[in-house]
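The figures here come from the full heavy-atom set of this structure, side chains too, leaving out hydrogens, waters and symmetry mates. One-based numbering along the sequence shown. We count ligands from 1, going down the list as the structure has it; atoms in each ligand are counted the same way.
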Amino acid sequence: MQDTMDKKRILTGIVLENDEIAAGVYKMTVESVDGAPLAKPGQFVNVYTKDASLLLPRPISICFSDGAELTLVYGVVGKGTEEFSTYKRGDEVRHSMPQGNGYDLDAVKPGQKAMLLGGGIGVPPLLSLCYELTAREISVTAVIGFKDEPFLIKPLLKAGADLYVATDSGAVGFKGTVLDVLKNENLKGDAYFACGPRVMLKAVTEHVLAEGRDIQVSMEERMGCGYGACVGCVCDIQEKSGAGPASAAGGETIVKKKVCKDGPVFWGSEVVWDGK
Ligand SMILES: Cc1cc2nc3c(=O)[nH]c(=O)nc-3n(C[C@H](O)[C@H](O)[C@H](O)COP(=O)(O)OP(=O)(O)OC[C@H]3O[C@@H](n4cnc5c(N)ncnc54)[C@H](O)[C@@H]3O)c2cc1C
Ligand code: FES
């Protein structure tokens with residue numbers, strides 16, 4: 001109960017910058033007035049609009065947070081994100097964080113190699129993940145894919161990633177998908193982490209499972225309340241006894257899990273990709 005109240009506690013941030021870093025994609029950094037609670041990579045922020053007709057908060061992944069500043073990278077797709085894109089330095093941003101579970105960082109050990117796979121607007125949470133992993137002396141290879149205009153390249157390099165960029169058009173980097181790069185470059189890791197569109201997550205999960213490993217996927221499904229109180233974000237999860245990386249198949253049950261509360265990160269082997 002206390003946990004739910006903490007998660008719903010509305011914090012105020014003051015916009016430091018809010019710049020368009022690619023067509024229709026903005027990077028907003030806010031200074032935390034109330035102090036930003038510590039967050040794990042893969043957790044997200046519920047951001048409130050000022051428009052009273054848009055009651056529900058918009059979930060945006062934490063791209064970077066150090067307790068003093070919070071950086072979000074978002075694409076403008078509808079009314080809420082369109083409003084965010086108008087914010088100027090000094091404007092207030094009401095938000096609550098951290099939400100969701102985040103990636104399990106203990107799935108990879110110092111000295112091992114982590115593969116980070118991101119597609120489009122799913123790339124932002126990989127930045128904080130990259131910082132956390134390199135700080136633990138885990139080597140990071142990131143493969144990020146876009147339609148035609150990449151972003152967050154310099155920040156990921158600065159965070160220590162060995163970086164591969166793919167675009168559908170071939171305008172920048174490899175022509176093709178993240179999966180094409182994985183296959184063509186024969187890239188492998190000790191642990192895999194992904195965030196992106198469902199179709200990409202499904203494809204990379206199948207690839208990684210075929211290699212005998214499991215992958216943590218962050219599902220950015222459409223949400224409702226953002227706090228576990230409705231069923232706006234459920235997805236089908238095949239629960240295995242002894243769930244975890246490439247766990248042995250035991251008794252399996254399909255259950256509906258809430259992306260906002262039980263996720264957004266799940267094991268790829270557990271997601272029922274052709275389900276809800
Ligand atoms: C856990 C999580 C983390 C997310 N992190 C990010 C992030 O870091 N950066 C970012 O840009 N976006 C992220 N999203 C998606 C973001 O929440 C939506 O784009 C946003 O809520 C849209 O709000 P809106 O008012 O602008 O659009 P709306 O008016 O609500 O919708 C506009 C259009 O976008 C579609 N849409 C809305 N939400 C989603 C969604 N989740 N997936 C696919 N289509 C959607 C609608 O169906 C509609 O067609 C995340 C979503 C989740 C669940
Ligand atoms: S958005 Fe309401 S339960 Fe997840």
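- Within the set Val265, Leu72, Ile60, Val76, the minimum heavy-atom distance to atom 12 (N) of ligand 1 is found for Ile60.
- The shortest N/O to N/O separation between Gly78 and ligand 1 falls below 3.5 Å.
- Ring geometry for Tyr74 against Phe84 counts as perpendicular: the plane angle is over 60°, on a 0 to 90° scale with 30° as the lower cut.
- Atom 4 (Fe) of ligand 2 has an N, O or S atom of Cys260 under 2.8 Å away, backbone or side chain.
- The closest non-hydrogen atom to atom 51 (C) of ligand 1, taken over Pro59, Cys233, Ser218, Cys260, comes from Pro59.
- Tyr87 carries Lys50 over the face of its six-membered ring, with the cationic atom under 6.0 Å from the centre and within 45° of the normal.
- For atom 2 (Fe) of ligand 2, the set of nearby N, O or S atoms under 2.8 Å includes one belonging to Cys225.
- Within the model, atoms CE of Met28 and SG of Cys63 stand 12.0 Å from one another, a figure rounded to the nearest 0.5 Å.
- The option with the heavy atom closest to atom 24 (P) of ligand 1, from among Gly80, Gly75, Pro125, is Gly80.
- Taking only nitrogen or oxygen atoms, main chain and side chain alike, Ser61 reaches within less than 3.5 Å of ligand 1.
- For atom 4 (Fe) of ligand 2, the N/O/S atoms of Cys230 include none lying under 2.8 Å.
- Using a 30° and 60° split on the angle between ring planes, Phe146 and Phe151 fall in the perpendicular class, above 60°.
- Atom numbering of ligand 2 starts at 1 in the shown order; those under 4.0 Å from a heavy atom of Lys258 are 3 (S).
- When each atom of ligand 1 is checked for a heavy atom of Val77 under 4.0 Å away, the hits are 19 (O), 22 (C), 26 (O), 27 (O), 32 (C), 33 (C), 34 (O).
- The shortest contact between atom 48 (C) of ligand 1 and any protein heavy atom is with Arg222 NH1, 4.2 Å.
- Contacts with ligand 1 closer than 4.0 Å are made by side-chain heavy atoms of Phe44 only, the backbone lying farther away.
- Scanning Glu221, Met219, Lys79 for the heavy atom closest to atom 29 (O) of ligand 1 points to Lys79.
- No donor-acceptor distance shorter than 3.5 angstrom exists from the side chain of Arg136 to the backbone of Lys109, with no hydrogens or angles considered.
- Nearest to atom 2 (C) of ligand 1 by heavy-atom distance, out of Glu83, Arg58, Glu220, is Glu220.
- The shortest heavy-atom distance from Val73 to ligand 1 is under 4.0 Å.
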